[in-house]
Amino acid sequence: MNSLFDIPLAGPMPELVLRGLLFVAFAVHLVFVLLAVGTAILGVYYFLQAYFNRDKALLAEESRILKSFLAHKSLAVVLGVSALLLIQVGYTVPFFTAIHIFAPYWLMIVGLLLAAFLLLDFVGQGSLAACRGLGLIGAVGGLACLLVVPGIFVAVLSAMESGEWLSVMADGYRLAGALALHWLLRYLHVLVASVVFAAAFHYLFTAREDGERQLFSRWFTGGMLAQTVVGATLYATVTTNPGPVFHAAVIAGGTVAALALWKLFTSADVGRLAPPFLFAILILMLVARQAAQDAGVLPLTQAMRAHSSAYGKALEPNREVALAEYKQNMAAVAADGASIYRRSCAFCHGENGDGEGAEAMNLKVKPEVLQAIRGEREYLTRKLAEGVRGTAMPYFSVYTRDRVDSIVDYLDARYKVLGAPQPPPSAIGPETFAEAGRIYAGNCAKCHGEDGRGGTTLSKDYLPAPPDFTKRSLNAGRAVQVIEAGYPGTMMGAYGQLPPEVREGLAAKVQGFYGRTADSK
Amino acid sequence: MQFLMYEMPYLGSGMAIALDAVTHVFISHGLAIGAFFIVLLSEYIGYRRSDGLWDEFARRWLKVVVIVTTSLGALTGVGIWFFTSVLVPRGISSLLRIFFWPWFIEWMVFTAEVIVILLYYFTWESWSGGRKRRHVLLGAGYLALAMTSGFLITGILGFMLTPDGWPWSGSFWDAFFNPTFWPQLCLRLSGAFALGAIISAVYLLFAPFGREFRIAAVKVIGKVWLLAMAVTALSAWWYFAVVPPAFKAYAVFAVFTSALSQYSGVFWPVNIAAAVFLLALSLIALRGRTGAVKALIIPALVVAFLFVAEFERIREFARGPYVIPGYMYANQVLLGEREFFREKGVLPNSYWFNAMNPNATPAAEGRYLFGQNCSVCHTIGGGVNDIGKRVAGRTADGVYVIIGHTQEMVPYMSPFSGSERERRVLANYLYGVANGKVPALPAGRFPAGGETR
């Protein structure tokens, strides 16, 4: 991974400060995430209990727990913003790699939270309580959506801390083996923590009488017990060695948790016990998490940062040239025919419309000699807007109609493309003209049609298609040239064996189609 | 590029971000600022006139505003970030570094905003009577914070269109107070009040309220609407006067796209007609004609939404080939990096591609080059702005030539980055895809190259 590198822009603050801020931001965010998830679990549990007891008064009462969800989730979201900002700046490549590995799930988070928030809030704020069925769907659906989200975040963090990105990708963008077990236990650890936090919160702030406090106290104690078991298993299944800080923090956290349980069983008051103990356990566990993350990716992150600053310096000489080009591009406004032609057309058709642009040599079907083209406005506009299939000519509907019109105007001002085609220099005698007519009917008409419109049985699938001579023509000089040498890269062959005056006669014959309508003969 | 890529299936990156972002703008401007202002104004009128009906309207409307802004509003906002993190990682990471401090301050303001609106919501009943004045002031505090959020975000949005001297100086103040900052701030704030009036009128007229009250309230809403709309129109004119001509040149195309670009003549008639319609309805509201307003308010809401979408589309599209003008192209290649890629090639320098494809076929290379150069705007294998359709009909050598001139030919398209060999590989790949000779690997995570999930 030595050739991976970070963003070549300086970070906003010293790394240690950034990591410290991230620690604090993440801790505060997590507290409200736990409160929101736990409140949703407890709230929906009691909502369902009341719902199936068919007790309307109780139902309204029970959505009281959910009422505080509005505040918890709002704060969880805003407080998450700082954590997201800091982790993206401090651990850029590891974090972006991890979210990319789970990209489809990562993108689902927004939709899942949206559904969860709207549904649970409408239940919690009493707007769906009146309609029982909707209330049920809102509560259950909202909770289901909500519970997926911590699972995704835990997966992202597990993948990120592991540093084993290539193997996760090789496993089909899934966590497998030990990582999968780690994820599962960690996810459970988060869910149970949320119940513990929410139980403490509601014990302290929403319970109205002792009976309710009793219930929350039981949730709290049961949660703490379960958390100890899940946490111990999680710790036992850690396969890497993230260093002494990690182990010390986990053991200290476990000891504080055991102490809390002992105090709970010797009948201490949950209200007094929970805040200091939960705070201590949360901080210790987050220190452990931070230590694991730093052990997994910090050396790599630092190496990438050094590499990216070297890369930035290596690009420095190019920057001047690039900025000069940028300035030039900003000064070039593609709003009129002349400037559009210079930028968009000239590299094939040439500055002078001679079909000799710099790229012409790379094309089998040579660019048209625009100087010699004559066409009806509507026809030329359509060709510009749609392009010509079977050639390099792209469609210029990448410009608005007025711009396309301005290109035609520009070509007309410069080459008179809307005017009449220039006839052959000398008049064609009637016999030559008749001869040219016979040759046209015998050879050319197979592809170009008796009427000069092209699209015959033979040529209807040709790419590029023969042009419609009634709408588009060529100056005689150019027409003779095409007849003589053919049109390279197309089915139009060379007829250089014909005598010069016949070629001119053919040019005149073809020009004769120009401007004819369907009924004129 | 040293980030993994993810392509949004069917929608493509741009459209996915746009759908989320436009919804966010509508909520954050229309509800969090505009509709909240109507709530606050109504509470104030109720307080001054001791009129319970105004207070009741404000309280009920606030509940909807709070639920929707703290869920849909907040999440679509964070959603822009979630989407860009996956779809344009290098662009968003760079912006985060250039604008770290505004972003950080914005976070503090955002947090304060949420705390204050929650306090305001939960204290509606307890802070009544003698404490009502304090409650109104609390609401005013929230509004000030919400507008501060707008101030901070506008600096970043404006920068993405008009970075002014920043590419040369690297100065933060050049970047933040860029030429479109002030006009855009005026436009967003006045637009927010106009939107808020329209959305509030919908609630007023469709939720159960008495006839007398509706007439009185719709007149007040009409006043806010008319005034805000007038300022919005002036600010829009000011804003577009400041946008560089090179960018403004694509404004109309931004709205019509190549699908409808040849009907662009209707741009002004339609826009003017829509604005006149909104103006006329505000005058009808001002006269207290609840029936007429009710009949036309939903179309007005749709028109307002379309105006928001149109503006954001123009603002996002007009910066054309850049995601950060003067620094980074839309496909996340740095301006200064293009020469490097021309000499050394993209593929040899892509860590992920080489790690995942030790024996890459030309098709895998082409697919990766497409992902890296084009997929920020184009989809492959069917979807919005499908590259297969874009290339269809062109010859292989034509595709090759076009790839080398994207920026000249189509001024809002990023130039190709890569070596001469890579240009040929991409051309052959795209030609193959357009003609059904090479299977178009669907969107997904790259650099899987030969294989995607």
Side-chain angles (χ1 to χ4, degrees), chain A residues 3-5 7 9 11-12 70-71 74-75 77-79 81-82 85 88-89 92 96-97 99-100 103 106-107 109-110 113-114 117-118 121 125 166 172-173 315 318-319 322-323 326 330 332-335 343-344 347 359 362-365 385 387 389-392 394 397-402, chain B residues 2-4 6 63 67 70-72 74-75 78-79 82-83 85-86 89 93-94 96-97 100-101 103-104 107 110-111 114 118 167-168 244-246 249 252-253 256 258 261-262 264-265 326 334-340 351 355 393-395 397-398 400-402 405 408-411 445 453:
Chain A
S3 57
L4 261 181
F5 61 86
I7 299 287
L9 283 171
L70 174 74
S74 305
L75 289 165
V77 169
V78 287
L79 294 170
V81 166
S82 59
L85 171 62
Q88 288 196 350
V89 173
T92 313
F96 278 97
T97 306
I99 61 172
H100 272 77
W106 174 262
L107 292 177
I109 290 175
V110 179
L113 285 182
L114 193 59
F117 287 6
L118 284 173
D121 277 345
Q125 306 306 309
L166 279 171
Y173 298 92
L315 293 182
N318 297 348
R319 224 176 62 110
L323 281 175
Y326 166 69
M330 290 302 290
V333 183
R343 287 179 60 109
S344 305
F347 61 83
E359 292 284 2
N362 288 315
L363 295 170
K364 279 197 219 67
V365 184
R389 297 177 66 83
T391 75
S397 57
V398 294
Y399 288 99
T400 44
R401 178 59 189 255
D402 51 326
Chain B
Q2 304 302 337
F3 287 102
L4 277 169
Y6 179 76
K63 182 169 165 179
I67 292 181
T70 59
S71 50
L72 189 62
L75 282 177
V78 175
F82 269 56
F83 277 80
S85 293
V86 170
S93 307
S94 301
L96 287 179
R97 287 183 192 215
F100 181 83
W101 290 110
W103 221 292
F104 196 77
W107 163 68
F110 185 26
T111 308
V114 168
L118 287 172
W168 287 270
V252 177
F253 180 84
F256 282 77
S258 61
S261 63
Q262 300 313 296
S264 57
L334 302 180
L335 266 59
E337 224 170 19
R338 213 177 130 218
E339 193 50 43
F340 174 80
Y351 167 78
R394 276 0 98 187
T395 51
D397 55 13
Y400 166 81
V401 166
I402 290 169
H405 294 272
E408 293 95 84
M409 202 184 81
V410 186
R445 272 159 292 204
R453 274 199 339 116

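First the proteins, then the strands, lettered A, B, ... as listed; each starts at 1. None of these values were measured; they are calculated from a predicted model.
Using a 4.5 Å cut-off between heavy atoms, B:Phe256 makes no contact with chain A at all. Contacts of B:Val252 with chain A are made by both backbone and side-chain atoms, with heavy-atom separations under 4.5 Å. With a 4.5 Å cut-off on non-hydrogen atoms, A:Ala334 touches chain B through its backbone and its side chain both. Contacts between B:Val114 and chain A at a heavy-atom distance below 4.5 Å involve the side chain alone, from C-beta outward. Only the backbone of A:Thr391 comes within contact range of chain B, with at least one heavy atom under 4.5 Å from a heavy atom of that chain. Heavy atoms of B:Trp168 lying under 4.5 Å from chain A belong to its backbone as well as its side chain.
With chain A as the partner, the residue from B:Pro244, B:Gly79, B:Ala355, B:Pro167 showing the most heavy-atom pairs under 4.5 Å is B:Pro167. Heavy-atom pairs under 4.5 Å with chain A peak, among B:Leu96, B:Leu75, B:Leu72, at B:Leu75. Chain B forms the most heavy-atom pairs under 4.5 Å with one residue out of A:Val110, A:Ile7, A:Leu107, A:Val333, and that residue is A:Ile7. Listed options B:Gly398, B:Gly326, B:Gly265 were ranked by heavy-atom pairs under 4.5 angstrom with chain A; first place goes to B:Gly326. In terms of heavy-atom pairs under 4.5 Å with chain B, the best-connected choice from A:Val81, A:Val77, A:Leu113 is A:Val81. Most heavy-atom pairs under 4.5 Å with chain B, from the set A:Pro12, A:Gly390, A:Ala385, A:Ala322: that is A:Pro12. Here B:Ser85 is the residue among B:Ala74, B:Ser85, B:Pro245 with the most heavy-atom pairs under 4.5 Å with chain A.
In this structure, A:Arg343 and B:Pro411 have side chains that are in contact, with non-hydrogen atoms separated by less than 4.5 Å. Counting heavy atoms from C-beta outward, A:Arg319 and B:Leu335 have side chains that stay 4.5 Å or more apart. Considering only heavy atoms from C-beta on, B:Ser93 comes within 4.5 Å of A:Phe96 through its side chain.
Using modelled atom types and a 3.5 Å distance limit, the side chains of B:Glu408 and A:Ser344 yield no donor-acceptor pair.
Contact between B:Ile402 and B:Met409 at its shortest, heavy atoms only, is CG2-CE, 3.8 Å.
Looking only at distances, no side-chain donor or acceptor of A:Arg401 sits under 3.5 Å from a matching main-chain atom of B:Ser264. A donor-acceptor pair is defined here as one N or O able to donate and one able to accept, closer than 3.5 Å; such a pair exists between the side chain of B:Arg97 and the backbone of A:Val89. Within the 3.5 Å criterion, the main-chain N or O of B:Ile67 finds no donor-acceptor partner in the side chain of A:Gln125.
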Begin with the C-alpha distance, continue with both residues' side-chain angles, and end with the deciding distance and a verdict on side chain to side chain contact (heavy atoms under 4.5 Å, CB included) for A:Phe117 and A:Leu70. CA-CA 8 Å; A:Phe117 287 6; A:Leu70 174 74; over 6 Å; no
